[in-house]
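Scroll down for the structure; my scribbles are underneath it.
Numbered from 1 within each chain, the chains take letters A, B, ... in sequence-line order. Both backbone and side-chain heavy atoms feed into the values below; hydrogens, waters and symmetry mates do not. Since the structure is predicted, the reported quantities are computational estimates derived from the model, not experimental observations.
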Amino acid sequence: MILKPEFYHRKNVVQIAKDLLGKFLVTNHDGEYTSGMIVETEAYAGAIDKASHAFGNRRTARTEIMYGVGGKAYVYLCYGIHHLFNVVTNEAEIPHAVLIRAVEPVDGIDIMLHRRKKEKLAPALSAGPGALSEALAIYTKDTGLDLSEKSSLLYIEDRGIKIPKSQIVADTRVGVAYAKEDAYLPYRFYIKDNKYVSKGKGLKLPA
DNA sequence: CGTTGGATCTTCT
DNA sequence: GAAGATCCAACGC
């Protein structure tokens, strides 16, 4: 069943990041039905998180959607090339978000292979935030779509899979070294031993 | 294997 | 003008 708005409205963005593991991200653009199981996420704690685009309550046209109510998509362009998909959480005016970093392909694998210009199924198909967005055809124009609304053609659903706590690994986030001390926060979560977790490495804690 | 650099948009200096 | 929540092809060992 599709995740309800209440799932996203909760205040603990770290808990939501963990809860999203094992859920299914679905897109249905132009009648092409594709989905993947979420296997890797990162929490971004808004105004107090130096790694967040909304640190210090910074508002730009790009980040405005994060100041809206939770349960919407925040998609932005990274390095001018890659579309990164995030889930906005919490209440209005609190710019929390969860970055989806990797999914395991489930439905429409042939369509995803075609979009990624690949021949055979391999982790590179959807391991990594830019790769997964291309595989599922998620673009910046999808920012603002309601993830609780099936007709939005971009939504997240629960198919009854529960990831045991023992299978969830917490680690530092990838590519946020500029965030100084916040780069060491254990805000990245992934499913242990899953092949589709990205190869990205966060900073190691100082000795 | 590991490392390097190109692609080229948004935002801030 | 520079750097970033990235990816991958092209190199050198």
Side-chain angles (χ1 to χ4, degrees), chain A residues 8 13-14 16-18 20-21 25 36 38-67 70 72-90 94-105 112-144 147 156 169-190 195-205:
Chain A
Y8 304 103
V13 65
V14 170
I16 295 172
K18 286 192 266 192
L20 281 169
L21 295 174
L25 178 60
I38 297 169
V39 299
E40 182 179 358
T41 62
E42 283 180 3
Y44 284 84
I48 60 163
D49 183 350
K50 290 181 181 171
S52 172
H53 292 158
F55 174 63
N57 276 320
R58 192 174 68 221
R59 292 179 99 115
T60 65
R62 183 176 68 156
T63 61
E64 192 60 31
I65 189 65
M66 284 200 282
Y67 292 86
K72 304 290 177 57
Y74 167 44
V75 186
Y76 83 97
L77 200 57
C78 186
Y79 297 107
I81 305 261
H82 302 289
H83 299 258
L84 270 61
F85 171 71
N86 302 248
V87 175
V88 177
T89 72
N90 216 307
I94 302 177
H96 286 185
V98 175
L99 169 69
I100 308 302
R101 284 194 55 85
V103 303
E104 177 174 331
M112 290 191 250
L113 286 169
H114 184 253
R115 286 172 181 156
R116 298 269 294 132
K117 299 179 173 57
K118 293 192 175 301
E119 299 289 326
K120 296 198 301 192
L121 180 59
L125 180 64
S126 62
L132 123 214
S133 295
E134 186 173 31
L136 293 173
I138 297 171
Y139 304 106
T140 52
K141 67 177 172 54
D142 297 320
T143 277
L147 300 171
I156 300 176
V169 181
D171 204 346
T172 52
R173 293 174 291 185
V174 176
V176 297
Y178 62 89
K180 300 187 177 174
E181 71 272 17
D182 287 345
Y184 297 108
L185 291 171
Y187 278 6
R188 175 188 179 215
F189 303 98
Y190 57 90
K195 282 183 302 189
Y196 292 91
V197 171
S198 78
K199 300 291 183 288
K201 294 276 182 289
L203 291 184
K204 274 188 162 173
L205 289 166

Distances under 3.5 Å between nitrogen or oxygen atoms of protein and nucleotides 10-13 of chain B:
{"residue": "dT11(B)", "atom": "OP1", "partner": "Thr60(A)", "partner atom": "OG1", "Å": "3.1"}
{"residue": "dT11(B)", "atom": "OP1", "partner": "Arg62(A)", "partner atom": "N", "Å": "3.0"}
{"residue": "dC12(B)", "atom": "OP1", "partner": "Arg58(A)", "partner atom": "NE", "Å": "3.0"}

Kindly give the atom pairs (protein nitrogen or oxygen, nucleotide nitrogen or oxygen) under 3.5 Å for nucleotides 6-10 of chain C.
{"residue": "dT6(C)", "atom": "O2", "partner": "His82(A)", "partner atom": "NE2", "Å": "2.4"}
{"residue": "dC7(C)", "atom": "OP1", "partner": "Gly128(A)", "partner atom": "O", "Å": "3.4"}
{"residue": "dC7(C)", "atom": "OP1", "partner": "Pro129(A)", "partner atom": "N", "Å": "3.0"}
{"residue": "dC7(C)", "atom": "OP1", "partner": "Gly130(A)", "partner atom": "N", "Å": "3.1"}
{"residue": "dC7(C)", "atom": "O4'", "partner": "His82(A)", "partner atom": "NE2", "Å": "3.1"}
{"residue": "dC8(C)", "atom": "OP1", "partner": "Arg116(A)", "partner atom": "NH1", "Å": "3.3"}
{"residue": "dC8(C)", "atom": "OP1", "partner": "Arg116(A)", "partner atom": "NH2", "Å": "2.5"}

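Distance noted for atom C1' between dT10(B) and dC8(C): 23 Å (whole Å).
Considering only residues two or more places apart in sequence or on other chains, Asp49(A) meets the side chain to side chain donor-acceptor pair (under 3.5 Å) condition with Arg173(A). Every side-chain contact (heavy atoms from CB on, under 4.5 Å) that Pro129(A) has, sequence neighbours left out, goes to Leu84(A), Leu99(A), Arg101(A). In this view, Tyr76(A) and His53(A), Tyr74(A) satisfy the ring pair (Phe, Tyr, Trp, His ring centres under 6.0 Å) rule, not counting sequence neighbours. Annotation: salt bridge (charged side-chain N to carboxylate O under 4.0 Å, His left out) contacts of Arg188(A) (sequence neighbours excluded): Glu40(A), Asp171(A). With sequence neighbours left out, Tyr79(A) forms a ring pair (Phe, Tyr, Trp, His ring centres under 6.0 Å) with no residue at all. Residues satisfying the side-chain contact (heavy atoms from CB on, under 4.5 Å) test with Val14(A), not counting sequence neighbours, are Asn12(A), Lys18(A), Ala43(A), Tyr187(A), Phe189(A). Not counting sequence neighbours, Lys201(A) has no partner by the side-chain contact (heavy atoms from CB on, under 4.5 Å) test. With sequence neighbours excluded, no residue forms a side-chain contact (heavy atoms from CB on, under 4.5 Å) with Ile81(A).
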Just to be sure I follow the notation: if a pair is Watson-Crick (purine N1 to pyrimidine N3 plus N6-O4 or O6-N4) or a G-U wobble (N1-O2 and O6-N3), each under 3.5 Å, what dot-bracket string does DNA chain C give, with | for pairs to another strand? ||||.|||||||.
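Residue pairs meeting the side-chain hydrogen bond (donor to acceptor under 3.5 Å, both in side chains) criterion with at least one member in residues 117-136 of chain A, sequence neighbours excluded, are Arg116(A)-Glu134(A).
Salt-bridge annotation for Glu181(A) and Lys50(A): present, with a side-chain N of the basic residue lying under 4.0 Å from a carboxylate O of the acidic one.
Rounded to whole Å, the distance from CZ on Phe55(A) to P on dG4(C) is 16 Å.
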